[in-house]
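Presented below is the structure to which this report refers.
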There are 2 protein chains.
Amino acid sequence: MTMADRKQDTLFVNSLAKGLRLLEAFDEEHQSLGLSELAKRTGLDKSATQRFANTLYQTGYLMKDEATRRFRPSHKFAEMAYAYLWSDPVVQLAMPKLIELSGRLGETINMAELSGSDIVYVARIPCQRTTFAATLVGRRVPALNTSGGRAILAMLPEAERRACIENWPLARFTPETTQDRDKIAELVEEAAHLGYSFSRNELILKEIGVAAPIIGADGRPVAAVHCSVSAYHWTREKVEKDIVPFLLDTANSITPSLR
Amino acid sequence: MTMADRKQDTLFVNSLAKGLRLLEAFDEEHQSLGLSELAKRTGLDKSATQRFANTLYQTGYLMKDEATRRFRPSHKFAEMAYAYLWSDPVVQLAMPKLIELSGRLGETINMAELSGSDIVYVARIPCQRTTFAATLVGRRVPALNTSGGRAILAMLPEAERRACIENWPLARFTPETTQDRDKIAELVEEAAHLGYSFSRNELILKEIGVAAPIIGADGRPVAAVHCSVSAYHWTREKVEKDIVPFLLDTANSITPSLR
DNA sequence: ATACATTGTATCGAAATATGATACAATGAA
DNA sequence: TTCATTGTATCATATTTCGATACAATGTAT
C-alpha cells in the first residue's frame with residue numbers, strides 16, 4: 001500500500017503515523033534532534049513537526065533539553081521494549097537457557113529474531129570485551145551480514161532462501177564484511193548442512209561469531225542463538241569443539257510450542 | 001495540564017496521543033489484546049480503536065495474529081529501546097563498568113534511572129538464578145520499593161526527599177515488601193549516611209539488594225547501580241564486605257559530565 | 001445443528017481537528 | 001550590530017477524524 005492509497009483509507013490515521021515517524025527519526029547518528037532537523041528527517045513541514053514534537057514531549061516520549069531546545073528519546077522507549085520482551089514467548093523460553101549457556105562458556109551470548117531483512121537482538125548477555133553497541137537490546141543489523149541471520153536463512157526452503165540472498169540489503173561494518181552475494185549463498189549453504197553458521201570479521205574485526213537457529217512449532221526458523229568470541233583467543237576448530245555442541249543444545253532446547 | 005486543557009491546545013495532536021495510548025495498553029498482564037479489550041483499556045470507542053490499531057498494524061508497531069485477531073507488540077518496541085539506550089550518556093559510560101563489576105562479583109548487576117516515582121531498569125547483566133522479569137530492560141518498579149530507588153532518593157535534598165516518601169506510590173511484590181512509609185524514611189536516611197542502600201525480600205523473597213547512586217554533573221542523582229544476591233548464600237555483613245566497596249567504586253566512576 | 005452473543009470489519013455524513021502559511025521571538029554567527 | 005537560522009505562536013480553512021450504524025465472522029450455549 002502506497003502513501004497515496006493510505007490517504008484514501010479511512011482506517012488509517014495519518015496523524016498517528018506521522019507522529020511515529022518522529023520517533024523513528026532517532027538512531028545511532030541522531031541521538032538528539034532539533035525541530036528543524038526533525039522536520040528534515042521526517043519530511044514534515046515546520047508546523048506539523050512542531051505540533052507532533054510537542055505532543056510527544058507532553059506525553060513523555062521525548063525529552064527536551066531546555067537549553068538547546070533539542071529533543072531526545074525518553075525512558076518510555078525502554079519501557080516499550082519491556083512490553084515486547086515480556087510478550088514474546090521465545091524470549092520467555094530462551095532467557096534462562098541463554099544465561100546458563102553464558103555461564104558455561106563465559107562468552108558473549110545473544111539472541112536475535114528476524115524482522116524483515118534484518119535481525120533484531122532481543123537478548124544480550126555481555127561479558128568483558130563486548131563492544132558497547134553489542135550490549136544493547138533492539139539493535140538492527142542486516143541479516144545477510146551476520147551469522148545469526150544466515151543461520152536463520154539456512155532453515156528456509158531453498159527458493160525463499162535464494163530470493164532473500166539476491167534481494168536483501170547488505171551493509172559494511174568492517175573492511176572484511178562480506179559483500180559478495182555468491183559467497184553469502186555459500187555460507188548459508190554450509191550453515192544448512194552443519195546446522196549452525198560461522199562468521200569472522202563481519203561486524204567487528206577480530207570477532208568470530210557462531211549462531212544456531214531456533215525452529216518454531218511450524219517448522220520455520222524464528223530466531224538464532226549467537227555466541228561471539230575474540231579471534232585472538234579462539235580458532236574455528238576450537239569454537240567447533242568447545243562452543244558449538246553447547247550452542248546447538250541450547251538452541252534446540254528452545255522450541256516454542258504453538259500457544 | 002489536564003485533558004480538557006489539551007483539547008484547546010492547538011499544538012497538541014490528540015490523534016497521536018490516543019494512538020500512543022494503544023501502545024501503552026500492553027503490559028505484564030496484557031501481552032496480547034483484541035480490539036474490544038483495547039477499546040476498554042484505552043477508553044476509546046470501538047471505531048477509534050479500530051482505526052488506531054489498524055494504523056499501528058500497518059506501520060509495524062503491532063503484530064496481528066490472523067487466527068485470533070489479537071494484537072501484540074512487535075520488534076519495533078525493542079528497536080526503540082536501542083535508540084534510547086544509545087542516546088543516553090549515562091548508559092554509554094556505565095555499560096563497560098557494569099560488565100566489569102559483574103565479572104568481578106559473579107552476581108546480577110543492574111542499572112536503573114529515576115522516572116517520575118518509578119525506577120526504570122536500563123541495563124541488566126543477569127547471572128544464574130536471575131528471575132525472568134529481572135532480566136528484561138525497561139521494567140518499571142516503584143522507586144520506594146527498591147534499594148535502587150531509595151539510593152537515588154537519599155541523595156536528594158531533605159525536603160524533596162520527604163515529599164517523595166510521603167506521596168509516591170507503593171506496591172507489594174512479596175509479603176515482606178515494605179509498606180510502612182516511616183520505615184522507608186528510615187531506610188532512606190540510612191542510605192544517605194552510608195552512601196548506599198540495602199534491601200531484603202522487597203521484590204522477591206530471599207533476595208538481597210544493594211544499590212549505590214550515580215551523581216550527575218549538577219550534583220543530583222541520575223541513576224543507581226544495583227547488585228542482587230541470594231539470601232541463601234549471602235548475609236548483610238558479607239555483602240558489605242565483599243560487594244559494597246566494588247559497587248561504590250563502580251557507581252562513583254560513572255559520573256556523567258555536562259555535555 | 002441452531003440460535004445467540006460477542007468480536008471484528010466496513011461505510012458514511014457531520015463536525016471537530018489538524019493543517020500550513022505567516023508573523024514574531026529568540027538564539028547564535030559573522 | 002546585522003543577518004541567518006531555529007524555535008514559538010496564531011488563525012482561517014478544509015481535510016481528517018469521528019462515531020453511529022449496519023454487516024460479517026467467530027465462537028459458545030442450548
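Quick caveat: nothing in here was measured; it's all calculated off a predicted structure. So you know, we letter chains A, B, ... as the sequences are listed, proteins then strands, and number each from 1. As a basis for the values below, the full set of heavy atoms in this structure was taken, side chains included, without hydrogen atoms, waters or symmetry mates.
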Let's see if you can work this out: which of D:dA22, C:dA18, D:dT8 has an atom nearest to the side-chain heavy atoms of B:N14?
C:dA18
Output yes when A:E158 and A:R162 qualify as a salt bridge under the 4.0 Å nitrogen-oxygen rule, no when they do not.
yes
Just so I know, are the side chains of B:T174 and B:E202 near enough to count as touching, which here means a heavy-atom distance under 4.5 Å?
no
To the nearest Å, give me how far apart CG (A:N54) and C1' (D:dT8) are.
10 Å
Given DNA chain C, 5'-ward residue of the pair A:K46 and B:T68, judged by closest heavy atom
B:T68
Rounded to whole angstroms, how far apart are CG on B:L38 and C1' on C:dT7?
12 Å
Check the distance between D:dG7's P and A:L35's CG and give it to me in whole angstrom.
5 Å
Mind calculating the distance between CD (B:Q58) and C1' (C:dT9) to the nearest angstrom?
14 Å
Identify whether the distance between the nearest side-chain nitrogen and carboxylate oxygen of B:R70 and B:D65 falls below 4.0 Å.
no
Using a heavy-atom cut-off of under 4.0 Å over every strand shown, decide if A:K64 touches base, sugar-phosphate, or nothing.
sugar-phosphate
In whole Å, I'd like the distance from the CD atom of B:E66 to the P atom of D:dT26.
11 Å
Test side-chain contact (heavy atoms from CB on, under 4.5 Å) applied to A:D88 and A:E113, step by step
CA-CA 11 Å; A:D88 187 337; A:E113 296 181 0; 2.5 Å; yes
Distance in angstrom units between A:L44 CG and C:dA18 P, rounded:
14 Å
Mind running side-chain contact (heavy atoms from CB on, under 4.5 Å) on A:L16 and B:K18 for me, showing each step along the way?
CA-CA 8 Å; A:L16 174 52; B:K18 286 184 206 161; over 6 Å; no
For C:dT17, does either OP1 or OP2 sit under 4.0 Å from a side-chain N or O belonging to A:S15?
no
Only pairs at least two apart or in different chains count here, so list each ring-ring contact (aromatic ring centres under 6.0 Å, His included) that has a residue in residues 56-79 of chain A.
A:H75-B:Y84
Can you confirm whether or not the ring centre of A:W86 sits under 6.0 Å from the ring centre of B:F26?
no
Provide, to the nearest angstrom, the distance between the NZ atom belonging to A:K18 and the C1' atom belonging to D:dT17.
12 Å
Whole angstrom is fine here: how far is it from OH in A:Y57 over to P in D:dT8?
10 Å
Counting C-beta onward and ignoring hydrogens, is there a side-chain heavy-atom pair between B:I125 and B:N110 closer than 4.5 Å?
no
B:F52 side chain, from C-beta outward: closest of D:dC18, C:dG8, C:dT19
D:dC18
Kindly indicate whether the side chain of A:D27, heavy atoms from C-beta on, has any atom under 4.5 Å from the side chain of B:Y82.
no
Any side-chain to backbone donor/acceptor pair from B:R150 onto B:V188? Under 3.5 Å, distance only.
no
Please produce a list of atom pairs where a protein N or O lies less than 3.5 Å from an N or O of nucleotides 10-14 of chain D.
none

Closest-nucleotide ordering on DNA chain C, the 5'-leading residue of B:G34 and A:R69
B:G34
Roughly how bent is the helix from C:dA1-D:dT30 to C:dA30-D:dT1 end to end, in steps of 10 degrees, with each end axis from five pairs?
50°
Checking contacts here: which listed nucleotide (D:dT8, D:dG19, D:dT26) is nearest the side-chain heavy atoms of B:R51?
D:dG19
